[in-house]
Protein chains: 2
Amino acid sequence: MAPRHGVGSRSSATLAAILRATERLLLDEGYAAVTYRGVATRAGVTPGLVQYYFPGLDELFIAVLRRGTDRAIQALDRAGGAEQPLRALWSYANDKAGSALLLEFMALANHRKAIAPVVGEGGERVRKALLDTVTRTWHRYRLDDPELTPAALVFVLSAVPRMIHLEQAFGAHTGHAEAVALVERFLDRVEPRS
Amino acid sequence: MAPRHGVGSRSSATLAAILRATERLLLDEGYAAVTYRGVATRAGVTPGLVQYYFPGLDELFIAVLRRGTDRAIQALDRAGGAEQPLRALWSYANDKAGSALLLEFMALANHRKAIAPVVGEGGERVRKALLDTVTRTWHRYRLDDPELTPAALVFVLSAVPRMIHLEQAFGAHTGHAEAVALVERFLDRVEPRS
DNA sequence: GTCTATACGGCGATAGAC
DNA sequence: GTCTATCGCCGTATAGAC
């Protein structure tokens, strides 16, 4: 008997092709280009079939978002988050494609109310995973500023590279190199390369 | 004789109503809700008239963007940028509506190629105005870290509140209060309230 | 110069055919 | 499980009223 696929199992090759096509479309042309026809063309299926798996575009966006969040968490685990959490975080937030996807989902969340809570949950899940790891190794660091808490550091180390990538996408650059140098000098001091 | 208006002078009441309606629509429902029909309804004119002034939606977006950038520069000048540039910058980047508009324009820039360079120019114009002011007063601050340059500081002070507002829009909050406390303690130290 | 009316193809969503 | 037909809204183009 052939393996069971279908909408319930969420494991068919068709489904995977649709999710891949949607993510590529998001990165290449932005969320406004994600249409049933466009996704279907890129995935090699008919528009009606895409709509069969995802009755509304919101469901499609949410499926791509959840898959991306799961992958980010797994990638962080593999990236040695336990040994050098600050560098793992810095490297994670420096991902260009990740920043571009985040922008699309933030914009989507702003005017599709079904998307907003899912973006929030995904973001908080990643942030808290990072925060847990950094808190666990916090005793290693010799920091003189009592206001520099794990939460503040995790936030700034996430926000700076994210904003740099967003700005680079439209050609801005003022202060980028200097901000990166500032953070990397900090990392060299508190979490030297092994 | 009645005052001269018209598309060349860009000063008619109709034009102002269209730009106001577009900005409100961007904030309330995101750029995907900016349609000729929607703008026209909010501005109290016909869709064809909006299209007369702005033959494509790109031109409409660009007009709103330029107006917003001009106003931001003027607001910064009025906000005592010369006396306390770091606090003026911090207050400027903490503007909630400004962050929401920026998000919409960044997302637009990502998949409407005519918009990207205009977003870039506007962002760089503001950033460089801030950088000039901070550089001019840089000698006042007693900073021990040689990597903490005016450009790095301006970037971080812009990026942190911007990202906080973006994340708040979809319900994330982890690290926000701590990051704000960190920055405000820094400001109290290097640029005490007058 | 300012503004209105209308037509066209593409879109998301829905119902239902096969 | 797969796909088609249809509906109302969209951006855009155009023709013309005042």
| Hey, do the aromatic rings of A:His111 and A:Tyr31 have their centres closer than 6.0 Å? | yes
| query | With distance as the sole test, does A:Arg127 use its side chain to make a donor-acceptor pair with the main-chain N or O of A:Phe155 at under 3.5 Å? | reply | no
| request: Measure from OH on A:Tyr52 to C1' on C:dA13 and round the result to the nearest Å. | output: 18 Å
| Considering only D:dA13, C:dT4, C:dC11, which nucleotide approaches the side chain of A:Thr35 most closely? | C:dC11
| request: Report the distance from atom CZ of B:Phe54 to atom P of D:dT12, rounded to the nearest whole Å. | output: 14 Å
| Contact nearer the 5' end of DNA chain D, comparing A:Val45 with B:Leu57 | A:Val45
| request: To the nearest Å, give me how far apart CZ (A:Arg37) and P (C:dC11) are. | output: 5 Å
| request: Calculate the interatomic distance between A:Leu60 atom CG and C:dG12 atom C1'; express it in whole Å. | output: 13 Å
| task | Please check if atom CZ in A:Arg142 has more than 12 non-hydrogen atoms from other residues, nucleotides or ligands closer than 6.0 Å. | result | no
| request: Have a look at B:Tyr36 and say if it touches a base, only the backbone sugar-phosphate, or nothing, with a 4.0 Å heavy-atom cut-off. | output: base
| task | Provide, to the nearest angstrom, the distance between the CD atom belonging to A:Gln51 and the P atom belonging to C:dC11. | result | 13 Å
| Would B:Arg112 count as a cation-pi partner of A:Phe170, with NZ or CZ less than 6.0 Å from the six-membered ring centre and within 45° of the ring normal? | no
| query | Between A:Tyr31 (OH) and C:dG12 (P), how many Å, whole number? | reply | 13 Å
| task | Can you tell me the distance, in whole Å, between the CZ atom of A:Arg112 and the P atom of C:dG12? | result | 9 Å
| The side chain of B:Thr46 lies closest to which of these nucleotides: D:dC3, C:dA13, C:dC3? | C:dC3
| Using a cut-off of 4.0 Å on non-hydrogen atoms, how would the nucleic acid contact of B:Val50 be classed: base, sugar-phosphate, or nothing? | nothing
| task | Provide, to the nearest angstrom, the distance between the OH atom belonging to B:Tyr53 and the C1' atom belonging to D:dA13. | result | 19 Å
